[in-house]
Each structure stands twice: as structure tokens, then as C-alpha cells.
There are 2 protein chains.
Amino acid sequence: MAGTADDTLRKIPSHELTYGRLRDMILFGLLEPGQPVTIQGLIRDLDSGMTPVREAIRRLTAEGALLPQGNRRVAVPQMDGSALEQVAFARLTLEPKLAELALRNLTPALIDQLDEIDSAVDHAIRAGDLPGYLRSNHAFHFALYEAADAPILLDMARSLWLRFGPSLRVVMQRGGAANLPDRHEEALAAMRAGDTAALALAIQNDIQQGIDQIRLAQAQGAV
Amino acid sequence: MAGTADDTLRKIPSHELTYGRLRDMILFGLLEPGQPVTIQGLIRDLDSGMTPVREAIRRLTAEGALLPQGNRRVAVPQMDGSALEQVAFARLTLEPKLAELALRNLTPALIDQLDEIDSAVDHAIRAGDLPGYLRSNHAFHFALYEAADAPILLDMARSLWLRFGPSLRVVMQRGGAANLPDRHEEALAAMRAGDTAALALAIQNDIQQGIDQIRLAQAQGAV
DNA sequence: AGGCAAGAAATTTGATCAAATTCACGAATG
DNA sequence: CATTCGTGAATTTGATCAAATTTCTTGCCT
């Protein structure tokens with residue numbers, strides 16, 4: 001048995017799979033805010049059992065991705081102005097810090113990999129492929145943040161993106177693939193130059209641009 | 001129907017109770033870092049069923065209070081130097097902000113209430129009552145933070161205190177109730193004066209003092 | 001007589017428990 | 001030293017109970 005590459009080949013337990021699927025649905029704006037999330041419904045939709053679904057819901061509730069209604073149900077939270085402010089503050093503090101920490105550990109190979117992901121982002125923007133953009137944009141940020149080797153801050157960032165996810169729906173509905181945030185070129189240049197301050201600024205701008213998009217959409221009708 | 005005071009009288013579900021009990025055990029340093037937390041053990045210790053225990057564990061894992069080992073077990077995480085740095089950075093950013101936000105909503109009655117809690121803190125310190133100190137100190141901070149009306153930042157602060165909890169054990173073992181962090185007088189004065197900057201600074205100092213305690217204990221033997 | 005509202009039955013959904021299955025670890029054995 | 005087997009815990013399923021929402025009925029008022 002010279003090949004137990006256990007890291008990836010180990011059988012993933014059902015509750016992990018279920019969690020991952022539900023998380024991605026929230027993360028990429030597939031669930032409407034306010035829409036109730038029922039256990040029975042998820043058992044059908046995700047083709048899973050009761051216990052795995054319950055645990056996925058509990059985890060995501062603890063992460064702020066779901067909000068308990070008074071009556072033992074949960075729903076995707078609505079993002080109001082106050083919530084957006086809080087998320088903005090936390091993201092603008094945490095993520096530039098993660099980028100700074102990551103810079104110390106970046107290898108040329110990793111930078112090339114990030115460059116590749118950014119190409120996918122560009123391609124998705126030009127093609128008007130919103131879901132593709134969301135996925136590759138997420139991949140870019142977290143490939144960078146994971147290099148920071150700071151699991152606690154990383155968890156916090158993940159939680160914030162989960163809270164942010166449902167809001168992306170408004171952007172998607174407004175269609176325009178134009179002026180989607182993409183300061184990744186600046187970020188990549190800063191990485192290659194080893195310029196900490198420039199990298200933090202690029203990430204900060206990228207985040208700010210995304211926040212502004214949501215704020216704009218919020219100010220107009222689409223809650 | 002003049003009597004359904006439902007807000008407080010509603011029966012609390014078992015999984016909530018179980019979660020609360022386990023959370024407090026971690027929060028106040030009753031569980032040793034590295035110590036495995038088993039489902040069966042908690043069913044016995046907390047006198048609960050399997051489902052509630054599972055859900056409590058999942059929630060606390062999502063909050064960073066428990067760490068999954070590779071083998072479908074969880075344990076109270078060890079706090080190394082890197083983890084302490086991350087928690088320190090996040091706490092020093094978030095909690096002064098929460099205090100600032102709270103200041104706008106503080107009523108004289110609430111300040112008096114905080115003053116009362118602080119008396120309990122002082123009393124516990126003078127009496128060398130560590131568990132009492134931990135509980136009232138926690139109560140002081142979160143009574144303040146809750147006034148901020150910022151549930152997202154509040155959740156993040158809660159999670160950070162949970163990650164911090166196990167480290168308190170080292171402080172407790174070193175016995176000295178002296179130089180425990182208590183900059184609450186400064187904070188209360190700032191609240192009464194409505195001085196935002198002074199309040200943020202007082203909270204920041206209070207946190208820094210606590211972090212330094214742990215860092216000191218870490219530098220010496222007691223992991 | 002028609003419409004509205006309060007209340008009761010029925011259905012849907014969540015919470016909890018108990019049993020069966022799968023998996024990881026350690027001891028015993030070759 | 002490698003392999004097998006046993007033990008105990010975690011995972012998962014199914015069943016049962018309790019709560020809440022919906023629907024339907026019934027009685028009252030206009």
C-alpha cells in the first residue's frame with residue numbers, strides 16, 4: 001500500500017459535504033435573504049440525512065450565515081445598513097492584515113498561481129459570467145489569505161464573506177458585470193515588489209469597491 | 001390573555017442549555033487545552049442527549065472554541081504564540097470599536113449598572129476569587145458591548161473570548177490575583193464624560209494588560 | 001344572508017432519542 | 001515489525017414526540 005495519499009483520498013463524512021454545499025449556496029448568493037431554510041427541505045435538496053443537515057445549519061448559524069427566527073426556524077439574514085457598516089469595518093481591518101501576513105510567505109510559484117486565478121476573474125468579468133466571477137474572486141482572496149498562516153484571522157474572514165454572500169444577489173440582479181471590484185493587478189504587482197503597504201492598500205481598495213457596490217444597490221430599491 | 005409573558009418564560013430547548021453549559025466551561029477555563037472532548041463524555045457530564053451534545057460541539061467548533069483533530073474527535077485548542085498574536089490583534093481592533101459604538105447608547109442607568117458589575121470585579125480581585133473575577137469581568141465587557149447595538153461585531157468578540165478562555169487557566173494556576181487587568185474605573189470615567197477616545201483607550205489598555213499576562217505565563221513554562 | 005373573527009383540527013416541521021453502521025485506535029499475534 | 005482483530009466512539013438512519021403554522025369550521029355581528 002504505497003499510496004495512501006490520505007490528505008485528499010480520505011472519505012469525507014456526510015455532514016462535511018452537506019455543510020460545504022449549503023455554505024456555498026449562501027456564499028455565492030443562491031439563497032434569497034429572508035427565505036426560510038427548512039431542515040426537511042434541505043434533506044430533499046441536498047440529498048442528505050437529518051443529522052448532517054441539522055449540524056450544517058448549526059455551524060452556519062454560529063458563523064452568522066444563518067439567523068435564527070424566534071420560532072425555531074432559521075433564515076438567510078437581511079443585510080441592512082448597520083450590518084453592512086459592521087462587515088465593512090471588520091473586513092477592511094482584517095483582510096489587509098491577512099494580506100500583509102501572507103506576503104512574508106509568498107513564493108514565486110504561489111504568486112503565479114494567484115496570477116492564474118486572476119486571469120479567470122478577468123475572463124469571467126469580460127464574459128459577464130457572474131457566478132464564475134464570484135467563485136474565482138473568492139478563490140483569489142482566500143488563496144492569498146491562506147498563505148498568511150493565521151487560522152484564527154482566516155476563520156473570521158470566512159465568516160465575514162458568508163455574511164456578505166447574500167448581498168451579492170442584489171449585484172447579480174442588477175446585471176452589470178462592469179465595475180465589479182478587481183484591484184488584483186495592483187495587488188499582484190505589490191506582491192512581486194514585496195511592497196507590504198501597497199498590497200494592503202490594493203486589498204483595501206478592492207474591498208471598499210465591493211462594499212460601495214452593495215451600498216449603492218441598497219440605497220436604490222433592491223433591499 | 002393578560003399573562004403570556006412569553007419572552008422569558010418560554011422553555012429553553014435542551015440543545016441551547018447544553019451549548020450554554022459547554023460554552024461556559026470553555027469560556028472560564030474549566031477545560032484543559034489539549035484535553036479531548038467526547039460526545040459520550042458530555043452526555044454523561046452534562047446530563048443531555050446525543051443530538052443536543054452534537055449540536056453544541058458543532059456550534060463551538062464553528063466559533064473556534066473547539067478544534068477538530070484529524071480523527072473525528074475534537075479538543076480544546078492549545079494557544080501558541082501565533083494564535084495569541086492573532087487574538088490580540090483582533091481584540092484590540094474590535095473591542096475598542098464596540099466600546100465607542102456603545103457610548104452613543106449609554107444611559108445613566110446603564111452606566112450605574114456597569115459600575116455595579118465593576119464593584120463585583122473589584123471584590124473578586126480583593127478576595128482572590130478567580131472564577132468570580134472571570135465571570136464578572138466578562139459580564140462587564142459584554143454588558144458594555146451589547147449596548148453598541150452591533151450584533152455582527154459582538155458575535156466576533158464573543159468568538160474571540162471563547163478562543164481566549166482556555167488560556168485563562170494558566171493565569172489561574174499561577175494563583176496571583178494581583179495585577180489582573182482592571183482598567184474599568186478609567187472606562188467608567190470616560191463613559192460619564194462622554195469621552196470616546198478615552199473610553200477606547202481604557203478598553204485597549206485593559207485588553208493589552210490581559211494579553212501581557214498570558215504572554216508572560218507562556219514565556220515561562222506553563223504552555 | 002353574507003362576511004368576519006375566534007377557535008379547533010390537521011398538517012407540516014423541528015427536537016429528541018434509540019438502534020445500527022462505520023471508523024479509528026490499540027492490543028495481541030504471527 | 002507487519003498484520004489482524006477487538007473495543008469503543010463517532011456517524012448515520014429511522015422513529016417518536018412536541019411545537020407551530022395552516023386550514024377549516026363555527027358562531028357572531030352587520
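Order of the sequence lines sets the chain letters (A, B, ...), proteins ahead of strands, with each chain counted from 1. Quick note: numbers below take in every heavy atom, side chains included, and nothing from hydrogens, waters or symmetry partners.
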Heavy-atom closest contact ([X] atom, [Y] atom, distance):
X	Y	value
A/Ser82	B/Asp149	OG-O, 4.3 Å
A/Pro166	A/Pro77	CB-O, 4.4 Å
A/Ala148	A/Leu98	CB-O, 3.4 Å

TODO: For A/Arg58, answer base if it contacts any base atom (sugar-phosphate contacts may also be present), sugar-phosphate if it contacts only those atoms, and nothing otherwise; contact means non-hydrogen atoms under 4.0 Å.
DONE: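 If one applies the 4.0 Å heavy-atom cut-off, A/Arg58 turns out to touch the sugar-phosphate alone, with no base involved.
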Open item on the list: Using a 4.0 Å heavy-atom cut-off, does B/Thr51 contact any base of the nucleic acid, only the sugar-phosphate backbone, or nothing at all?
Closed with: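 Since a base atom lies under 4.0 Å of B/Thr51, the category is base.
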Specify the separation, in whole Å, of atom [atom1] of [X] and atom [atom2] of [N].
X	N	atom1	atom2	answer
A/Ile57	C/dT16	CD1	P	14 Å
A/Arg54	D/dA15	CZ	C1'	14 Å
A/Ile39	C/dT16	CD1	C1'	11 Å
B/Ile12	C/dA15	CD1	C1'	15 Å
A/Met50	D/dC17	CE	P	15 Å
A/Glu55	D/dT13	CD	C1'	13 Å
A/Leu42	C/dT12	CG	C1'	15 Å
B/His15	C/dT16	NE2	C1'	10 Å

- [ ] Please test A/Glu95 against A/Tyr145 for side chain to side chain donor-acceptor pair (under 3.5 Å), starting from the C-alpha separation and ending with a verdict.
- [x] CA-CA 8 Å; A/Glu95 297 186 34; A/Tyr145 300 158; 2.6 Å; yes
Go through [options] for me and flag the one nearest to the [X] side chain.
X	options	answer
B/Arg72	C/dT16, D/dT12, C/dC23	C/dC23
A/Asn71	D/dA10, D/dA20, C/dT16	D/dA20
B/Arg73	D/dA9, D/dT12, C/dT16	D/dA9
B/Thr38	D/dT11, C/dT16, D/dA9	D/dA9

Open item on the list: Using 30° and 60° as the class boundaries, would you call the ring planes of A/Phe142 and A/Trp161 parallel, tilted or perpendicular?
Closed with: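 Ring orientation of A/Phe142 relative to A/Trp161: perpendicular.
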Task: Residue whose closest nucleotide on DNA chain D lies nearer the 5' end, B/Arg44 versus A/Glu16 - done: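 Closer to the 5' end of DNA chain D: B/Arg44.
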